[in-house]
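Side-chain atoms are counted along with the backbone in the values below, which use heavy atoms only and exclude waters and symmetry mates. This is a predicted model, so every value here is computed, not measured.
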Amino acid sequence: MKEKLKEYYDLIYFFIIFIAIGLSLVYGQILEANIGEFPMFMVFGGPLPLYAIILIPIVITLIYASAIYIAYKNKLLELSRNGIIFISILVVMLIYMTFLITFKDNSHLYASWFNRLNVPSINDRLFSIFTFYLSMLMIFAFYFLFKATKHVKLFLEIVLIGIILFALSSVIYSLATEMDKYANFIENGGLIDKDYNQEYWIKSFYGIGNVFGHTVYCGAITFLYLGYMIKKPWIGLFGLIFIPFTIFSGSRASFLSLLIFYAVYLIYLDYEIYKKNKKWGKIYFYVLLAVILLFLLELFAFKTIKFEHDGKIVYLKDLFGMVFENMDEARFSIIRKVYKNANPIDYIFGLGYGLQFIVPRTYGYIYYMHNTFVEYFATGGIFYLLFILFILAIAFKHAFKMYKVKPYVFGLFISLVFSQIFYGMFESIPILVCDFFGAIFGMYLFLFPNVEHLSIKNEKYCYNILEFRGLV
């Protein structure tokens with residue numbers, strides 16, 4: 001009876017955490033869709049009234065508090081000195097960002113034709129402060145509240161399946177409603193033509209084609225993580241079906257980042273196969289090397305693959321050149337315009353979480369800076385960037401400790417890091433912020449290595465997240 005009661009608490013515990021994080025993400029997406037009152041981006045609904053802006057975070061905090069209470073009563077949460085230090089860092093970052101959001105004026109960065117008197121309202125600033133607060137709570141939950149029990153993996157598997165089903169549903173919906181756009185895209189070279197009408201990009205049930213690309217990118221990677229979780233790595237191959245849809249979405253960054261992810265993972269897989277069986281490892285290596293050489297020869301020598309574009313013959317090398325040229329022109333031009341009138345305070349302290357969304361919108365761009373590294377810098381300047389680097393250093397330490405015990409966890413981590421570095425040069429996908437993509441990639445980069453650590457019986461490599469041993 002006592003064991004059944006423990007399992008009951010375990011299920012309730014993870015369900016409560018899931019509800020708290022889920023509500024936080026919806027709250028954060030509403031902020032991104034509405035701050036600055038730009039109606040065309042209100043995908044998740046209109047602006048929240050002041051009472052809702054304040055009340056919703058209070059309710060979410062109470063939900064988190066109930067999870068913490070269950071963890072404490074069941075001796076799941078024991079904070080060491082290093083754990084208290086980490087929590088103190090989260091609190092200091094919250095105080096810093098609250099001060100920045102409250103007092104920062106970014107009107108000098110707005111486009112000249114934009115009404116400079118249309119500054120963020122008190123509601124906007126409060127909304128931003130509470131959203132950042134919820135992102136700090138999510139980081140706390142990822143590091144301290146998740147414990148490796150027999151139900152946490154089941155819980156994570158359900159989440160992964162949910163992400164895959166959502167990505168598949170967006171693909172199915174697009175095939176059912178946008179076949180004419182698929183045909184037009186193929187006929188007119190939508191991926192490489194910078195003048196291609198974006199109305200013909202596949203958008204599925206989103207308002208923007210790039211969001212569809214981000215979704216199928218997540219779906220492909222999630223297949224690999226699911227395959228690992230259920231000990232059937234071959235399931236990861238199903239993620240390859242999403243690659244063509246990243247092309248049709250018009251998201252060049254999604255397409256190339258997914259190729260980088262699979263390339264790095266396959267190289268790492270060869271290394272692991274070689275360690276276990278040198279014969280098969282060599283065979284796999286030579287096959288992989290042959291594929292790479294054939295690809296390079298096709299780019300620079302053979303040139304058998306060719307297309308007709310604007311009445312000209314275009315080869316594979318030219319296609320990649322066009323893709324990178326268009327990405328550079330479309331993305332870095334935003335940063336140059338936004339920071340044209342920046343002052344030293346903007347560089348040192350940033351623009352404030354939420355407030356940085358308004359600036360690119362005044363130039364006619366969707367709210368992000370379209371560069372993850374600049375997004376971190378714009379959010380909170382040098383101090384927030386150092387905070388993110390600190391988090392990344394902890395994540396790498398977690399993953400590296402897994403190398404000798406569960407090397408495929410390390411392989412997935414390294415593959416995703418390389419993919420995200422490239423992705424981050426052309427898209428804003430900041431991790432561990434209060435939106436869906438930030439939570440998903442935060443889960444893959446941080447939560448999964450943590451949970452795997454906790455599941456290892458060998459004490460040499462196992463540590464308790466909840467006590468935060470040996471991480472700082």
Is a donor on one side and an acceptor on the other found under 3.5 Å between the side chain of [X] and the backbone of [Y]?
X	Y	result
Thr362	Val359	yes
Glu427	Ala253	no
Asp435	Gln29	no
Arg125	Gly354	no
Ser174	Ile202	no
Tyr228	Phe223	no

Side-chain heavy-atom pair [X], [Y] within 4.5 angstrom cut-off:
X	Y	result
Ile431	Phe446	yes
Asn106	Ile358	no
Val159	Met443	yes
Phe245	Ser204	no
Phe248	Leu175	no
Ile414	Tyr265	no
Lys104	Asp346	yes

Can you say whether the rings of [X] and [Y] are parallel (under 30°), tilted (30 to 60°) or perpendicular (over 60°)?
X	Y	result
Phe437	Phe441	parallel
Tyr225	Tyr444	parallel
Phe400	Phe410	perpendicular
Tyr353	Phe357	perpendicular
Phe155	Phe18	perpendicular

With ring-ring contact (aromatic ring centres under 6.0 Å, His included) as the test, would you mind laying out the steps for Tyr27 and Phe130 before giving the verdict? CA-CA 9 Å; Tyr27 185 86; Phe130 281 122; 7.2 Å; no

Tell me the closest heavy-atom pair linking [X] and [Y], and the distance in Å.
X	Y	answer
Leu94	Met136	CB-CG, 4.5 Å
Asn371	Met425	ND2-O, 3.1 Å
Ser135	Leu432	CB-O, 3.8 Å
Ser419	Ser257	OG-O, 2.8 Å
Gly350	Leu100	O-CD1, 4.1 Å
Leu240	Tyr262	N-OH, 3.5 Å

Does the separation of the ring centres of [X] and [Y] fall below 6.0 angstrom?
X	Y	answer
Tyr217	Phe242	no
Tyr423	His214	yes
Phe103	Phe99	yes
Phe205	Phe166	yes

Identify which one of Val59, Ile60, Ile54, Ile58 satisfies the side-chain contact (heavy atoms from CB on, under 4.5 Å) criterion when paired with Ile56. Ile60

Dump the intermediate steps for side chain to side chain contact (heavy atoms under 4.5 Å, CB included) on Lys340 and Leu109, then the final yes or no. CA-CA 8 Å; Lys340 181 180 179 181; Leu109 297 175; over 6 Å; no

Is it true that atom [atom1] of [X] has more than 12 heavy atoms of other residues, nucleotides or ligands lying nearer than 6.0 Å?
X	atom1	result
Ile345	CD1	no
Tyr96	OH	yes
Phe418	CZ	no
Phe238	CZ	no
Ile122	CD1	no

Does a donor on one side chain and an acceptor on the other come within less than 3.5 Å for Tyr133 and Thr61? yes

Could you check whether Asn123 and Ser121, counting side-chain N and O atoms only, form a donor-acceptor pair closer than 3.5 Å? no

Decide yes or no on side chain to side chain contact (heavy atoms under 4.5 Å, CB included) for Ile241 and Leu168, but give the supporting numbers first. CA-CA 10 Å; Ile241 66 176; Leu168 286 172; 4.2 Å; yes

With rounding to the nearest 0.5 angstrom, report the [atom1] to [atom2] distance, [X] to [Y].
X	Y	atom1	atom2	value
Gln420	Ser415	CD	OG	12.0 Å
Ser169	Ile164	OG	CD1	12.0 Å
Leu90	Ile391	CG	CD1	6.5 Å

Step-by-step side chain to side chain contact (heavy atoms under 4.5 Å, CB included) determination, Met369 to Leu351: CA-CA 12 Å; Met369 299 288 182; Leu351 311 182; 4.0 Å; yes

Verify side chain to side chain contact (heavy atoms under 4.5 Å, CB included) between Val26 and Phe436, making sure each step is shown before the conclusion. CA-CA 8 Å; Val26 173; Phe436 291 112; 4.1 Å; yes

